[in-house]
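Everything numeric in this text was worked out from a predicted model, so none of it was measured. Start at 1 and go down the list; that is how both ligands and their atoms are numbered.
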Amino acid sequence: MLKIITVIGARPQIIKAAALSRAIRTNYPDKIKELIVHTGQHYDENMSAVFFDELEIPKPDYNLHVGSGSHATQTAAMLVALEEILLREQPQALVLYGDTNSTLAGALAASKMHIPVVHIEAGLRSFSKAMPEEINRIVADHISTLLFSPTISGYRNLLKEGFLEGNVGPYSADNPRIVHCGDVMYDNSLYFSKVADQKTNLLHEHQLEDGKFILATIHRNNNTDEPARLSSLFRALNTLSQKKQISVVLPLHPRTAKLMEKNLDKELYDAVIGNPRFHILPPVSFLEMIALEKHCKIVMTDSGGVQKEAFYFEKPCVILRPETEWVELVECGTAIVTDADEVKIIAAYEELTSSRNLVFPAIFGDGKAAAFICAEMLNSFL
Ligand code: UD1
Ligand code: UDP
């Protein structure tokens, strides 16, 4: 039996963990024992608990209740608590997702104890260390033993950073194995897409018609914390809703909800709040999010996960950031990077909604990435 600990903390990691837990339950119940540690980085009911219930993720074995704070406060508290658990549980590997402070803390705590780190979503780069996530993911990759990249470009980034192709085991942080394996979120999107429409009622509640609304999300720190950028984003959405007479659905991350009134121009804030076509919602569940993604006209987002899900559901996407790690989306022509530039956002909307020839090739695997990762872990560590 392979004993692993999975560390999660932020919303997208909780959702990603559903795919691996499901693959273990379905394919390897007698071969892999998974314990789940929730750092508590996200803690609101609609940022955490909702996903465990809805996505059938086993209840966490530990919750560190770290909560919000500065990067140092948050990461340090996680490190101390994780070390204690790793000493007690002695897992054979530690599984991490993505690039949050929970990822960084997990990678540091385990690697210093010589516990192999398995990094899912390895190799992604924005090439901007102004992003806290870029620092987290580079550090996590370079102290990991098994690195699973969801895209070819991610895999190539690892090669460029000196990782070697075709290493033979035994694997360690000094002799890591890199694999291109597809995206566990594609597994999840396929799996849950089948039930999203039946199990949710959000579109009906808000009288949203198929193909007649913009789905937007905004939560990146450089967008929420800089008044000029946040105002430019909201101005673009407000202008589009008025000129195109289209609804805008905006499930709002708590970070943005807390800063919106403070950081938007007063006049703009009042205009947005008073615009009947704007549906500003608290964070929605994953099934509700899928229903919105399946039925919107276009996605506008600074989220990593939501960019990809737009692609899975064959919707064009405007990326509200200066760059993206998911470069394949832009190369396919289904997504345009506009940053927080009002003029570029409106132009990208025009271009993407008038294009009839958008093609969404299968570049994120076959929907079985999580089962593949389980098999690789068993081969490497048992
Ligand atoms: C974090 C990740 C980011 C990821 C995002 C997913 C880091 C550095 N950033 O950003 O990569 O894209 O999660 O959503 O790890 N808050 C609440 N309730 C919650 C959680 C957060 O109110 O349940 C508020 C708090 O005011 C907190 C702020 O949101 O200070 C930011 O939360 P934090 O986890 O620090 O970063 P995110 O912006 O969520
Ligand atoms: N998501 C959700 N409800 C929401 C907004 C997002 O379930 O209100 C899901 C979304 O479908 C995706 C993940 O959360 O799977 C993305 O998380 P987020 O945008 O917070 O972080 P990122 O992917 O940018 O790290």
Examine the proximity of ligand 2 to [X] and report which part, side chain or backbone, both or neither, has a heavy atom under 4.0 Å away.
X    : result
I15  : side chain
A10  : neither
S303 : both

May I ask you to list the atoms of ligand 1 that are less than 4.0 angstrom from any heavy atom of [X]?
X    : value
A10  : 13 (O)
K258 : 17 (C), 22 (O), 24 (C), 25 (C), 26 (O)
H219 : 4 (C), 5 (C), 6 (C), 12 (O)
H71  : 8 (C)
P12  : 6 (C), 14 (O)

Judging by distance only, is a nitrogen or oxygen of [X] under 3.5 angstrom from one on ligand 1?
X    : result
R11  : no
D44  : yes
T100 : no
S102 : no
H253 : yes

Atoms in ligand 2 flagged as close to [X], the criterion being non-hydrogen separation under 4.0 Å:
X    : answer
S285 : 7 (O)
R220 : 22 (P), 24 (O), 25 (O)
M185 : 15 (O)

Parallel, tilted or perpendicular, judged at 30° and 60°: which one describes the rings of [X] and [Y]?
X    : Y    : result
F278 : F234 : parallel
H279 : H206 : perpendicular
H180 : Y155 : tilted
H42  : H253 : perpendicular

Strictly under 4.0 Å, does any heavy atom of [X] approach an atom of ligand 2?
X    : answer
E288 : no
T217 : no
K16  : no

For [atom], what's the nearest protein heavy-atom neighbour? Residue, atom name and distance, please.
atom                    : value
atom 3 (N) of ligand 2  : V284 O, 2.7 Å
atom 5 (C) of ligand 2  : R11 NH1, 3.3 Å
atom 15 (O) of ligand 2 : E309 OE2, 2.5 Å
atom 23 (O) of ligand 2 : G305 N, 2.8 Å
atom 1 (N) of ligand 2  : M289 CG, 3.8 Å
atom 25 (C) of ligand 1 : S68 OG, 3.4 Å
atom 25 (O) of ligand 2 : P12 CG, 3.5 Å

State whether the number of non-hydrogen atoms from other residues, nucleotides or ligands found under 6.0 Å of [X] atom [atom1] is greater than 12.
X    : atom1 : result
Q198 : CD    : yes
Q90  : CD    : yes
K112 : NZ    : no

### Query
Between V306 and ligand 2, does any nitrogen or oxygen pair lie at a separation below 3.5 Å?
no
### Message
If I take atom CD1 from residue I24 and atom CD from residue E34, how far apart are they, to the nearest 0.5 angstrom?
### Response
4.0 Å
### Query
Measuring from L230:CG to D225:CG, what's the distance to the nearest 0.5 Å?
9.0 Å
### Task
For Q74 and S68, test the side chains for any donor-to-acceptor distance below 3.5 angstrom and give the result as yes or no.
no
### Message
Within the 3.5 Å criterion, strictly below it, is a donor on D61 or H38 matched to an acceptor on the partner's side chain?
### Response
no
Tell me which part of [X] gets within contact of ligand 1: side chain, backbone, both or neither, using heavy atoms under 4.0 Å.
X    : value
E133 : side chain
S303 : neither
M47  : side chain

### Query
Quick one: do D270 and K266 make a salt bridge, cutoff under 4.0 Å?
yes
### Task
Decide if the gap between the ring center of F286 and the ring center of F51 is smaller than 6.0 angstrom.
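F286 vs F51: aromatic centres not under 6.0 Å.
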### Query
Is there a side-chain contact between S144 and V118, using heavy atoms and a 4.5 Å cut-off?
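No, their side chains stay 4.5 Å or more apart.
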